[in-house]
Amino acid sequence: MSAAVDRDVVVVGCGPAGCAAAVFAARDGLDVAVFDRGRSSLAQCAHLENYPGFPAGIDAGTLSELMREQTERAGCAVVEDLVESVERAAGDADDSDSPGDDPDGPQFVVTPQAGEPVTARRVIAATRYDGEYLRGLDDDDAMFEVHDHGGERHEHFDREYADRDGATPVDGLYVASPSDADRQAITAAGRGARVGKRVVADARIDDGWWREAAEGVDWVRREAELDDEWADRDRWVEWFDAEHADGPVAPDSERFARVREAAVDDLLAAYVDADEERTRAAAGHRALAEHLDPDAVVEAHGADALLDAMDDEAIAAYAGDGGPDAPQADGGSR
C-alpha cells in the first residue's frame, strides 16, 4: 500500500517562474501547492516595460497579484510561508531506506518555517535567493559551486545544476530558478513554463504514458477550426494510432488503449464553442478589471461609455440611494 502524500507537486517560490510552472502542472490535474515567501525578485522592480501584453508597462505589485491569482484559479494552494528545507522522504511502505521505490508515495518532505511539513511526489525549486534549502538532496559538490572572492571562500547554488527543462539528477526534483539566463521576468516565466511541462510529462509517464505521447501542449482552441473530419473522435483515434505505431508500446496492448483514450480526451477537450469562448473572454476581462484603478478606467473609457455599459436598474438604484455626492437634508453631502 502506498504511503499517503499531501501534494503531487510543491513549488517553492511564487515569482514568474514558480507561478508559470504551477499553472501548467495544475491545469493538467496535478495537486499543487506553492510556497510564497513574499520576497520575490520581481518585487525589487519599480515598473516592468518589457513584459508582453502591457503596452504602457505594468507595476510589479499588480503583475505579482495577477500571477498569484492565476495560480489560485488554476487550482493551486498558495501557502504564505518560507521553506526551510526539502528532504528525501523515508522509505516506502516496506520500510525501505531508499526513497523513490514507491512512485505513488511521497518522495520529499518540505518543511516550512512556520507551518507543518508537507509531503510531495515532486518539488520545483523556483527561488532566486539561494538553494540552501535543497542541501543534502545530492552531493554538495554537484549542487553547489565554490569560489574565492577577496581571499574568502564562497559557496552558492550552481545555477547550471538543472537541465534546460528543469530536470536534475535527483528524481522528482526540478529547478525553475535561479538561472543566469533567466534574470528578466519574461524569460523566468518561460523557463517556469518549460519546467511545468516537463513535470506534467513525467507525471504522465509514471501513469503509463511513454515520452512521445506524454509531451503535449496546453492551449484552448476554437471548435470552429475543426472540420467535419476532425470533429469525429474516430479520426483522432486513427491519428494517434498512426503517430505511435512504431512507439515503445505495443498498439494492441491494454496500456496503449488506455493512454490513447486519455490523450484523445485531452485533445478534444481543448476545443471550445463560441459561447464558451465568449464566457472565458469575459471572465478574463473581469479578472483584469478587478486590479485596475477605477479612476484610470474612467479616464480610459470616459464616464459616458461606462454609464452606457451599466445596467439601467443599477444606475437608478445608485441614484435613488443618493450616490456619494447626493445632497442631504442638512445641505451637506455623503
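Side chains are part of it too, since the values below use all heavy atoms of this structure and drop only hydrogens, waters and symmetry mates.
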- Any side-chain heavy-atom pair of R222 and V272 under 4.5 Å: no

- On a heavy-atom basis, the closest approach of A20 and A189 is CB-O, 3.3 Å

- Message: Could you check whether atom CG of D228 has more than 12 heavy atoms from other residues, nucleotides or ligands sitting under 6.0 Å from it?
- Response: no

- Query: Can you check whether F157 and Y133 have ring centres sitting under 6.0 Å from each other?
  - Reply: no

- Message: I'd like to check P16 versus Q184 (side-chain heavy atoms, cut-off strictly below 4.5 Å). Are they in contact?
- Response: no

- Do Y161 and V170 pass the side chain to side chain contact (heavy atoms under 4.5 Å, CB included) test, and can you show the C-alpha distance, the side-chain angles, and the key distance before you say yes or no? CA-CA 11 Å; Y161 176 68; V170 178; 3.5 Å; yes

- Which atom names give the shortest non-hydrogen contact between P251 and A245, and what distance separates them? CG-O, 3.8 Å

- How far apart are the closest heavy atoms of P169 and D138, and which atoms are they? CB-OD2, 4.0 Å

- Cation-pi check, R198 onto Y174 ring (under 6.0 Å, within 45° of axis): no

- More than 12 foreign heavy atoms under 6.0 Å from CD of E229: is that the case here? yes

- Message: Is there a continuous path of hydrophobic side-chain contacts, each under 4.5 Å between heavy atoms, that joins M67 to V23?
- Response: no

- If you count the non-hydrogen atoms of other residues, nucleotides and ligands that lie under 6.0 Å from CD in E277, is the total more than 12? yes

- Does any N or O in the side chain of R260 come within less than 3.5 Å of the main-chain N or O of V237, such that one atom is a donor and the other an acceptor? no

- Using a cut-off of 6.0 Å, state whether more than 12 heavy atoms not belonging to D311 lie near its atom CG. yes

- Task: Flag the pair V12 / I124 as yes when at least one side-chain heavy-atom distance between them is below 4.5 Å, and no otherwise.
- Result: no

- Query: With the threshold set at 4.0 Å, does a side-chain nitrogen-carboxylate oxygen contact exist between K197 and D202?
  - Reply: no

- So, the side chain of D163 versus the backbone of G166: is there a donor-acceptor pair under 3.5 Å, distance only? no

- Message: Please determine whether residues F240 and V249 belong to a single hydrophobic cluster, defined as Ile, Leu, Val, Met, Phe, Trp and Tyr linked transitively by side-chain heavy-atom distances below 4.5 Å.
- Response: yes

- Item | Where A74 and R27 come nearest, the two heavy atoms and their spacing | CB-CG, 4.3 Å

- Kindly give the heavy-atom pair with the smallest separation between A270 and W219, and that separation in Å. CB-O, 3.5 Å

- Query: For E116, does the CD atom sit with more than 12 other heavy atoms under 6.0 Å from it, leaving out its own atoms?
  - Reply: no

- Message: Contact between E212 and H244 at the side-chain level, heavy atoms closer than 4.5 Å - yes or no?
- Response: yes

- Item | Heavy atoms from other residues, nucleotides or ligands near CG of D308 exceed 12 (cutoff 6.0 Å) | yes

- Over-ring placement of R122 relative to F108, 6.0 Å and 45° cut-offs: no

- Within the 6.0 Å centroid threshold, strictly below: F256 and W210: yes

- Message: Atom NE2 of residue position H147 - does it have more than 12 heavy atoms of other residues, nucleotides or ligands inside 6.0 Å?
- Response: yes

Side-chain donor-acceptor contacts of residues 286-297 below 3.5 Å, not counting sequence neighbours, with atom names and distances?
| from | atom 1 | to | atom 2 | distance (Å) |
| --- | --- | --- | --- | --- |
| H291 | ND1 | E65 | OE1 | 3.2 |
| H291 | NE2 | E69 | OE1 | 2.6 |
| D293 | OD2 | D295 | N | 3.1 |
| D293 | OD2 | A296 | N | 3.2 |

- Query: Shortest non-hydrogen contact from R211 to A201?
  - Reply: NH1-CB, 3.7 Å

- Query: Does the side chain of D241 come within less than 4.5 Å of E238's, by heavy atoms?
  - Reply: no

- Message: With rounding to the nearest 0.5 angstrom, report the CD1 to CG distance, I186 to L48.
- Response: 9.5 Å

- Message: Using the rule that Ile, Leu, Val, Met, Phe, Trp and Tyr join whenever any side-chain heavy atoms are under 4.5 Å apart, tell me whether M143 and V146 fall into a single cluster.
- Response: no

- Message: Can you confirm whether V220 sits close enough to Y271 that some side-chain heavy atom of one is under 4.5 Å from a side-chain heavy atom of the other?
- Response: no

- Task: Would you mind reporting whether V123 and V9 have side-chain heavy atoms less than 4.5 Å apart?
- Result: no

- Query: Are any side-chain N or O atoms of D8 and backbone N or O atoms of D31, one a donor and one an acceptor, separated by less than 3.5 Å?
  - Reply: yes

- Message: Within this structure, what is the CZ-OG1 distance for the pair F35 and T127, rounded to the nearest 0.5 Å?
- Response: 13.0 Å

- Same cluster for V199 and L173 if Ile/Leu/Val/Met/Phe/Trp/Tyr side chains link at under 4.5 Å? no

- Is it true that D232 and R235 have a side-chain N and a carboxylate O under 4.0 angstrom from each other? no

- Task: Please test V118 against V109 for side chain to side chain contact (heavy atoms under 4.5 Å, CB included), starting from the C-alpha separation and ending with a verdict.
- Result: CA-CA 6 Å; V118 175; V109 177; over 6 Å; no

- Worked check of salt bridge (charged side-chain N to carboxylate O under 4.0 Å, His left out) between R280 and D275: CA-CA 9 Å; R280 296 193 185 195; D275 288 341; over 6 Å; no

- Output the distance between atom SG (C19) and atom CG (D36), rounded to the nearest 0.5 Å. 7.5 Å

- Item | Ion pair E132/R135, N-O distance below 4.0 Å | yes

- Message: Donor-acceptor check, side chain of D227 to backbone of W230, threshold 3.5 angstrom: yes or no?
- Response: yes

- Task: With the side chain counted from C-beta on, respond yes when V264 and D266 share a heavy-atom pair under 4.5 Å apart, and no when they do not.
- Result: no

- Message: So that I can tick it off, tell me whether R194 and D165 are bridged by a salt bridge, with the cut-off set at under 4.0 angstrom between side-chain N and carboxylate O.
- Response: no

- Query: Roughly how far apart are L42 CG and L63 CG, rounded to 0.5 Å?
  - Reply: 5.5 Å

- Task: Can you measure from CD (Q107) to OG1 (T119) and round to the nearest 0.5 angstrom?
- Result: 10.0 Å

- Query: Just how far is it from atom CD1 of I58 to atom CD of E49, taken to the nearest 0.5 Å?
  - Reply: 12.0 Å

Output side-chain donor-acceptor pairs under 3.5 Å for residues 76-84, partner residues at least two apart or in another chain, one line each.
| from | atom 1 | to | atom 2 | distance (Å) |
| --- | --- | --- | --- | --- |
| E80 | OE2 | R68 | NH1 | 3.4 |
| E80 | OE2 | R68 | NH2 | 2.9 |
| D81 | OD1 | Q113 | N | 3.4 |
| D81 | OD1 | A114 | N | 3.2 |
| D81 | OD2 | A114 | N | 3.1 |
| D81 | OD2 | G115 | N | 2.7 |

- Query: Are W239 and V259 joined in one hydrophobic group, where the rule is that I, L, V, M, F, W and Y side chains link up if heavy atoms are under 4.5 Å apart?
  - Reply: yes

- When you measure from the centre of the six-membered ring of W236, is the NZ or CZ of R233 under 6.0 Å away and within 45° of the axis? no

- Query: Is the backbone of A162 close enough, under 3.5 Å, to the side chain of T168 for a donor and an acceptor to pair up by distance?
  - Reply: no

- Is D28 salt-bridged to R204, going by a charged N under 4.0 Å from an acidic O? yes

